[in-house]
Amino acid sequence: MSPRPAHTVGWLAQPHHDGSGRYVSDLTPRLGGTVDVLLRVPLECDVETVHVRTSPDGEQQFAAARLVRTTDTDAWWSATLTCHNPVTNYRFLLGGGPTKYAWLNGTGMHVRDVPDASDFRLVAHDSPPPAWARGAVVYQIFPDRFARSRAADRREQPAWAVPAQWGDPVDTRPGVIAQQLYGGDLDGVVEHLDHLEALGVDVVYFTPFFPARSNHRYDAASFTAVDPLLGGDAALRRLTKAAHSRGMKVMGDFTTNHTGDAHEWFVTASGPGGRRTPERGYYIWEDGDYVGWLGVRSLPKLNHLNQQLRTLLFERADGVVRKWLGRSGGLDGWRVDVANMTGRWRGTDVNHDVARQMRDAMGRHAPEALLVGEHVHDYTVDVPGDGWHGVMNYAGFCKPVWTWLRDAEGDPNFLGAPVPVPLLDAGAVVETMRDFTSRIPWQSLVSSFNLVGSHDATRVRTLVGGDGRGVDVAAGLLFTLPSMPMLTYGDEIGMEGAFGEDGRRPMPWNEQHWDTRILEVYRSLIAARRGSVALREGGLRWVHADGDAIVFLRETADETALVHVARAAHAPITLDARHLPGIADGRPLHGPRPRVGTRSVTLSASGPGARVWAWRPTDGGATHGRRRRR
């Protein structure tokens, strides 16, 4: 039972638990409800006792687990936990074996005491994440750059705009970069939904569609209408109706942290007599002047100590959140821009209060809506489970992937960091992923967006450089790990961009400009995800992470998927076939099959790529609530 380094094949012989439906009987418990949790313990660990430690009301308690089933390779232990508090932290205490004492938490085995930060978590909340989010594939669209309908030719360009033709290069000069307008609109998206459907997209997520004085529209001038340049309110309704008819969800983008300085509220607050208006209190002021987000004068920061503001944003039927959701507006959820900074300024921090209020308001009005917060660094303290359903997983997925796949000859800068990201081996990458994802509830993890880039970051094709085979590896991780994979428009055809604004190029609809090999890789991996319950909803068991290769399992009671990704050719990896019962009868979902023998499974790679193999486990495992003993 001694712990092994995080980069060895020995993980298959380690005890395992995660928060998925394979190991937890109820993923959306209610307060006061009970949940059965399972622990898989390989027989070679010689575990004699298992207890589960919780801390209701802050005081630790231990529940004895029962041995409910023994297979040829594993002993399965079960314990029943009560969700006494909204968040129930738990970890396993194992007795026996060489060490006689070991903890198991979200980062693995430990023979020493560890803090609670990486404990497993159960979340009891009246507004759980919607079931449709689990396993869904998200496609991000920057409206001005995706597609332009004929109706756009009849629209008058605003005074702030620098007009551009669809084939023009992006002008990244200061003073022009935010004003260059290509004229993409929502009806243009409707005209190209066939492309998204053929790709296998489940959710279309738009950056802001509110009126503004920039092409990115994060400087909203109003929250009450869709920008006429995009086709107005009617165009959004046409889009959501068309997407829903194809089984797709639609998410909007809303900035709770600031507005634009042309916003009707700010115009009133800063105009003649503004000091005596209610709108004055909607913003933060110091020494008679307003506070701009990160010092940007055109983005005045909202004051979430003002209850009237929060009522306008979250509670009123004609407010931002409710107006555009569900039957009233057609949207199926919100992504919140700079969610990490909302409600924070100097001595004020009401960030969690804002997140909880927004979630509660959405739960009452549109209980099937999803709420995802943007966060580009350590999000773990901001996701206790009762606010944002999930986050954009930059820190726990995007950045680790960059450190494994970045072009060794390049110099990638991660979202403004002063030093380029390092080039690391697989062991460090997986250790980083485990460290971050272990600190949030499983429910929040699978409701988050995994991404390898966005409209704010370097395009993945540019990041990996070379012949582009690194994109195959990035996509392999993106579409097979837990969470909602999010790709940015054009990633699937190899669009490039050295940094965020450079990557916001207009989508080339002439297929001569597409990398069709990359497109087929994306289609194949998305099809694999859609065709595998294990890839959509399974747990995660790391198997190998060293140098140029990462191997892991996604598991449900009915299916196991083995994923092998390699950034380069590597020496064969040999796994004990006893711990993979049924693999010989499996099927390839993507890429070539592994070499399966009676005693071992051998994984090898001649170059970069991803391989996915799925099968029905034959050991029977254990199910929740069984009380059988050997």
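Values reported hereafter were calculated over all heavy atoms of this structure, with side chains retained and with hydrogens, waters and symmetry mates removed. Given the structure is predicted, the values throughout are model-derived calculations rather than measurements.
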Exercise. May I ask you to check whether Phe92 and Trp103 place their ring centers less than 6.0 Å from one another?
Key: no

Practice problem: Test Thr107 against Asn105 for side chain to side chain donor-acceptor pair (under 3.5 Å), laying out the working first. | Solution: CA-CA 6 Å; Thr107 56; Asn105 68 2; 2.8 Å; yes

Quiz item: Can Ser448 and Asn393 be counted as having a side-chain donor-acceptor contact under 3.5 angstrom?
Solution: no

Quiz prompt | Close side-chain approach of Ile573 and Val551, heavy atoms under 4.5 Å | solution = yes

Quiz prompt | Spacing of CG belonging to Leu580 relative to CG belonging to Leu575, to within rounding of 0.5 Å | solution = 6.0 Å

Exercise. Kindly determine whether Asp74 and Arg69 satisfy salt bridge (Lys or Arg N to Asp or Glu O under 4.0 Å), including the steps that lead there.
Key: CA-CA 8 Å; Asp74 300 299; Arg69 181 172 172 77; over 6 Å; no

Practice problem: Could you pull out all residues at least two apart from Glu374 that satisfy salt bridge (charged side-chain N to carboxylate O under 4.0 Å, His left out)? | Solution: Arg335

Exercise. Could you note down all residue pairs passing salt bridge (charged side-chain N to carboxylate O under 4.0 Å, His left out) where residues 384-398 supplies at least one of them, sequence neighbours left out?
Key: Arg356-Asp386

Quiz prompt | Asp72, CG: over 12 other non-hydrogen atoms inside 6.0 angstrom | solution = no

Practice problem: Give a yes or no on whether the backbone of Gly135 and the side-chain of Arg529 come within a donor-acceptor separation of less than 3.5 Å. | Solution: yes

Quiz item: Is Ser483 reaching over with its side chain to a backbone N or O of Leu445, donor-acceptor style, under 3.5 angstrom?
Solution: yes

Self-check item: Check: Gly476 main-chain N/O paired with Thr480 side-chain donor or acceptor under 3.5 Å
Solution: yes

Quiz item: Step by step, would you call Glu48 with Lys100 a salt bridge (Lys or Arg N to Asp or Glu O under 4.0 Å)?
Solution: CA-CA 9 Å; Glu48 298 170 3; Lys100 308 297 183 185; 5.1 Å; no

Self-check item: Test item: Trp613 and His590 side chains (from C-beta on) under 4.5 Å apart, heavy atoms
Solution: no

Practice problem: Would you check if Leu371 and Val336 make a side-chain contact, meaning some heavy-atom pair closer than 4.5 Å? | Solution: yes

Practice problem: Output all residues satisfying salt bridge (charged side-chain N to carboxylate O under 4.0 Å, His left out) with Glu559, sequence neighbours left out; order by chain, then residue number. | Solution: Arg587

Let me check something: any side-chain donor-acceptor pairs from residues 56-63 under 3.5 Å, sequence neighbours excluded? List them with distances.
| unit_1 | atom_1 | unit_2 | atom_2 | d |
| --- | --- | --- | --- | --- |
| Asp57 | OD1 | His84 | NE2 | 3.2 |
| Asp57 | OD1 | Asn85 | ND2 | 3.0 |
| Asp57 | OD2 | His84 | NE2 | 2.8 |

Quiz item: If you measure from the Lys or Arg side-chain nitrogens to the Asp or Glu carboxylate oxygens, is any gap between Asp126 and Arg30 under 4.0 Å?
Solution: yes

Quiz prompt | Test item: Trp132 side-chain N/O and Glu368 main-chain N/O as donor-acceptor pair under 3.5 Å | solution = yes

Practice problem: Please step through salt bridge (Lys or Arg N to Asp or Glu O under 4.0 Å) for the pair Asp18 and Arg22, ending with a clear verdict. | Solution: CA-CA 8 Å; Asp18 57 52; Arg22 181 67 187 97; over 6 Å; no

Practice problem: With the side chain counted from C-beta on, respond yes when Leu540 and Leu481 share a heavy-atom pair under 4.5 Å apart, and no when they do not. | Solution: yes

Exercise. Report yes if the side chains of Leu27 and Val35 come closer than 4.5 Å at any heavy-atom pair, otherwise no.
Key: no

Quiz prompt | Residues that Val446 engages under side-chain contact (heavy atoms from CB on, under 4.5 Å), provided they are two or more places apart | solution = Arg134, Trp442, Pro482

Quiz item: Given side chains that start at C-beta, do those of Met109 and Leu94 come closer than 4.5 Å, heavy atoms only?
Solution: yes

Practice problem: Apply ring-ring contact (aromatic ring centres under 6.0 Å, His included) to Tyr379 and Tyr394, showing your working. | Solution: CA-CA 9 Å; Tyr379 51 78; Tyr394 280 102; 9.8 Å; no

Quiz item: Any Lys/Arg nitrogen of Asp360 or Arg364 sitting under 4.0 Å from an Asp/Glu carboxylate oxygen of the other?
Solution: no

Quiz item: Quick one: salt bridge (charged side-chain N to carboxylate O under 4.0 Å, His left out) partners of Asp619, sequence neighbours excluded?
Solution: none

Quiz item: Would Tyr23 and His16 count as a close aromatic pair, with their ring centres under 6.0 Å?
Solution: yes

Self-check item: Test salt bridge (charged side-chain N to carboxylate O under 4.0 Å, His left out) applied to Arg530 - qualifying residues, sequence neighbours left out
Solution: Asp202

Quiz item: Taking the six-membered ring for Trp, is the centroid-to-centroid distance between His564 and His570 below 6.0 Å?
Solution: yes

Self-check item: side chain to side chain contact (heavy atoms under 4.5 Å, CB included) between Asn89 and Val87, worked out
Solution: CA-CA 6 Å; Asn89 285 32; Val87 178; 3.6 Å; yes

Self-check item: Main-chain N/O of Ala561 paired with Arg554 side-chain donor or acceptor, under 3.5 Å
Solution: no

Self-check item: Closest heavy-atom pair and its distance - Pro384, Val123
Solution: O-CG2, 4.2 Å

Quiz item: Given side chains that start at C-beta, do those of Leu31 and Pro86 come closer than 4.5 Å, heavy atoms only?
Solution: yes

Quiz item: When you measure from the side chain of Ser447 to the backbone N and O of Gln443, does any donor-acceptor pair fall under 3.5 Å?
Solution: yes

Self-check item: Arg434 charged N/C atom sitting above Trp11 aromatic ring, 6.0 Å / 45°
Solution: yes

Quiz item: So, Asp456 versus Ser454: side-chain donor-acceptor pair below 3.5 Å or not?
Solution: no

Quiz item: When rounded to the nearest 0.5 angstrom, what distance separates CH2 in Trp76 from CZ in Arg66?
Solution: 14.5 Å

Practice problem: Please list all pairs passing the salt bridge (charged side-chain N to carboxylate O under 4.0 Å, His left out) test where one or both residues lie in residues 474-485, with sequence neighbours left out. | Solution: none

Exercise. Report yes if the side chains of Trp402 and Leu463 come closer than 4.5 Å at any heavy-atom pair, otherwise no.
Key: yes

Exercise. Tell me whether the centres of the aromatic rings in His17 and Tyr90 are closer together than 6.0 Å.
Key: yes

Exercise. Quick one: do Thr488 and Gln140 satisfy side chain to side chain donor-acceptor pair (under 3.5 Å)? Show the steps, please.
Key: CA-CA 5 Å; Thr488 301; Gln140 182 193 35; 2.8 Å; yes

Quiz item: Is the backbone of Ser438 close enough, under 3.5 Å, to the side chain of Asp435 for a donor and an acceptor to pair up by distance?
Solution: no

Self-check item: Non-neighbouring partners of Ala369 that pass side-chain contact (heavy atoms from CB on, under 4.5 Å), sequence neighbours left out
Solution: Leu325, Met362, Ala366

Practice problem: Measure the spacing between OG1 of Thr256 and CE of Met341 and express it to the nearest 0.5 Å. | Solution: 11.0 Å

Quiz item: Which pairs with one or both residues in residues 81-92 pass salt bridge (charged side-chain N to carboxylate O under 4.0 Å, His left out), sequence neighbours excluded?
Solution: Arg91-Asp116, Arg91-Asp119

Exercise. For the pair Asn450 (side chain) and Val452 (backbone), establish whether a donor and an acceptor sit closer than 3.5 Å, ignoring hydrogens and angles.
Key: no

Quiz prompt | Contacts of Arg616 that satisfy side-chain contact (heavy atoms from CB on, under 4.5 Å) - sequence neighbours left out | solution = Asp558

Practice problem: Please check if the side chain of Arg599 supplies one atom and the backbone of Asp576 the other of a donor-acceptor pair under 3.5 Å. | Solution: no

Quiz prompt | Any donor-acceptor pair under 3.5 Å from Trp404 side chain to Arg567 backbone | solution = no

Practice problem: With sequence neighbours excluded, tell me which residues meet side-chain contact (heavy atoms from CB on, under 4.5 Å) with Pro422. | Solution: Thr403, Leu424

